Trainee: 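Quick one: structure below, then a few questions.
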Amino acid sequence: ETGVTQTPRHLVMGMTNKKSLKCEQHLGHNAMYWYKQSAKKPLELMFVYNFKEQTENNSVPSRFSPECPNSSHLFLHLHTLQPEDSALYLCASSQQPGVEQYFGPGTRLTVT
Amino acid sequence: EDQVTQSPEALRLQEGESSSLNCSYTVSGLRGLFWYRQDPGKGPEFLFTLYSAGEEKEKERLKATLTKKESFLHITAPKPEDSATYLCAVTGTASKLTFGTGTRLQVTL
């Protein structure tokens, strides 16, 4: 595997379900990110981790819970989501904050 | 607050018809301006980083330029495979990327 990988690529979940998104980067980077991408809107930064430590939480609802066990892996735990949470969720990594980021293919999430 | 505005929102070109995409920005202490390409249903693909006014970078049919207020992505003699959404982002003293909404480019035969 090379670059940034994400699983699953597609996810349909009910509002009462609990699921997790997984991201892995094979670039030796120290910073990892979760973004939400909705139609007609700019990418919304959700969380930032640098050297496994969370450095930013952009007022994200608590139904989204990130986890970063090491610099190569990032998870986004989902529970009791709302239909408006349906979007493309993108993971990215960079050598350090503030430089170019490399993105994974995304998880297309649909909340029913 | 950092801001990025991209124009036009959508652009349709014929193959070989050169044009430019615009990215206007306001940022506190520019540290970098980034261009990405995004195909439908995929993650953004990194193209260029520009660091200071006057800088230019090229890759195949794409050339990015930077001034103190805006950046242009020039597309020379585009081909259908250049069809994608092109995203611009900036980072400043806050060390986080702020993205624009993108320009959706369609190149037809």
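Remember, it's a predicted structure, so these values are computed and weren't measured experimentally. Chain A is the first sequence line, chain B the second, and so forth, proteins listed ahead of strands; every chain is numbered from 1.
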Trainee: Does any heavy atom of chain B fall under 4.5 Å from the side chain of A:Y35, the backbone, both, or neither of them?
Mentor: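 Contact with chain B: side chain only.
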
Trainee: Quick one, B:L87 and A:L43 - any side-chain contact, counting heavy atoms below 4.5 Å?
Mentor: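 Result yes, sub-4.5 Å side-chain heavy-atom pair found.
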
Trainee: Which bit of A:Q37 is near chain B, if near means a heavy-atom gap under 4.5 Å: side chain, backbone, both or neither?
Mentor: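 Only the side chain of A:Q37 comes within 4.5 Å of chain B.
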
Trainee: Using the rule that Ile, Leu, Val, Met, Phe, Trp and Tyr join whenever any side-chain heavy atoms are under 4.5 Å apart, tell me whether A:Y102 and B:V90 fall into a single cluster.
Mentor: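 They do not share one cluster, since no chain of ILVMFWY contacts under 4.5 Å joins A:Y102 to B:V90.
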
Trainee: Sort out for me which of B:S95, B:G102, B:G100 touches chain A most, counting heavy-atom pairs under 4.5 Å.
Mentor: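 Going by pairs under 4.5 Å, I would pick B:S95.
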
Trainee: Is it the case that one hydrophobic cluster holds both B:F48 and B:Y51, taking links as side-chain heavy atoms less than 4.5 Å apart, direct or via other members?
Mentor: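 In one cluster with B:F48: B:Y51, no.
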
Trainee: Should we count CD of B:E9 as having more than 12 external heavy atoms under 6.0 Å?
Mentor: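 Count not over threshold, so no.
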
Trainee: Look at atom CD of A:E84 and say whether more than 12 heavy atoms of other residues, nucleotides or ligands are closer to it than 6.0 Å.
Mentor: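 Count over threshold, so yes.
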
Trainee: Taking atom CD as the centre, does B:E81 end up with more than 12 heavy-atom neighbours from other residues, nucleotides or ligands that are less than 6.0 angstrom away?
Mentor: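 More than 12 within 6.0 Å, yes.
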
Trainee: B:Q38 vs A:L88, test: side chain to side chain contact (heavy atoms under 4.5 Å, CB included). Steps then yes/no.
Mentor: CA-CA 13 Å; B:Q38 186 173 24; A:L88 182 68; 4.1 Å; yes

Trainee: Given side chains that start at C-beta, do those of B:K42 and A:L90 come closer than 4.5 Å, heavy atoms only?
Mentor: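 No, too far: nothing below the 4.5 Å cut-off.
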
Trainee: Is it the case that the ring center of B:Y36 lies less than 6.0 angstrom away from the ring center of A:F103?
Mentor: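 Between B:Y36 and A:F103, which both carry aromatic rings, the centre distance is below 6.0 Å.
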
Trainee: Please flag which part of B:E45 lies under 4.5 Å from any non-hydrogen atom of chain A: side chain, backbone, both or neither.
Mentor: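 It is neither, since no heavy atom gets under 4.5 Å.
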
Trainee: For each of A:R108, A:K41, A:Q96, A:E56, tally heavy-atom pairs with chain B at distances under 4.5 Å, and name the one with the top tally.
Mentor: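 Maximum pair count with chain B is reached by A:E56.
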
Trainee: Measure the CZ-CD distance between B:F34 and A:Q101 for me, rounded to the nearest 0.5 Å.
Mentor: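 That separation rounds to 7.5 Å.
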
Trainee: Report which part of B:T91 has an atom under 4.5 Å of a heavy atom belonging to chain A: side chain, backbone, both, or neither.
Mentor: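 Side chain of B:T91 only, per the 4.5 Å heavy-atom cut-off to chain A.
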
Trainee: Honestly curious: do B:F72 and B:L50 fall in one hydrophobic cluster under the side-chain, below-4.5 Å linking rule?
Mentor: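 They do not share one cluster, since no chain of ILVMFWY contacts under 4.5 Å joins B:F72 to B:L50.
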
Trainee: Against chain B, label A:V48 side chain, backbone, both or neither, depending on which of its atoms sit under 4.5 Å from a heavy atom there.
Mentor: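 For A:V48, no heavy atom lies under 4.5 Å from chain B.
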
Trainee: Would you say B:R61 has more than 12 foreign heavy atoms packed within less than 6.0 Å of its CZ?
Mentor: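 For B:R61, atom CZ is crowded (more than 12 foreign heavy atoms under 6.0 Å).
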
Trainee: With a cut-off of 6.0 Å (strictly less than), are more than 12 heavy atoms of other residues, nucleotides or ligands near CD of B:Q106?
Mentor: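 Yes, the 6.0 Å shell around CD holds more than 12 heavy atoms from other groups.
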
Trainee: Counting only heavy atoms closer than 4.5 Å, note whether B:Q6 contacts chain A via side chain, backbone, both or neither.
Mentor: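 Neither part.
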
Trainee: Count I, L, V, M, F, W, Y as connected when their side-chain heavy atoms are under 4.5 Å apart, and connections chain through other members. Are B:L47 and B:V4 then in the same cluster?
Mentor: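 Cluster IDs for B:L47 and B:V4 match.
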
Trainee: Got more than 12 heavy atoms from elsewhere within 6.0 Å of NZ, A:K19?
Mentor: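 Check fails, neighbour count at 12 or below.
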
Trainee: Under 4.5 Å between any side-chain heavy atoms of A:K40 and B:T101, yes or no?
Mentor: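 A side-chain contact under 4.5 Å is absent here.
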
Trainee: Looking at side-chain heavy atoms only, is the closest gap between B:K96 and A:N58 below 4.5 Å?
Mentor: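 With C-beta onward as the side chain, the pair touches.
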
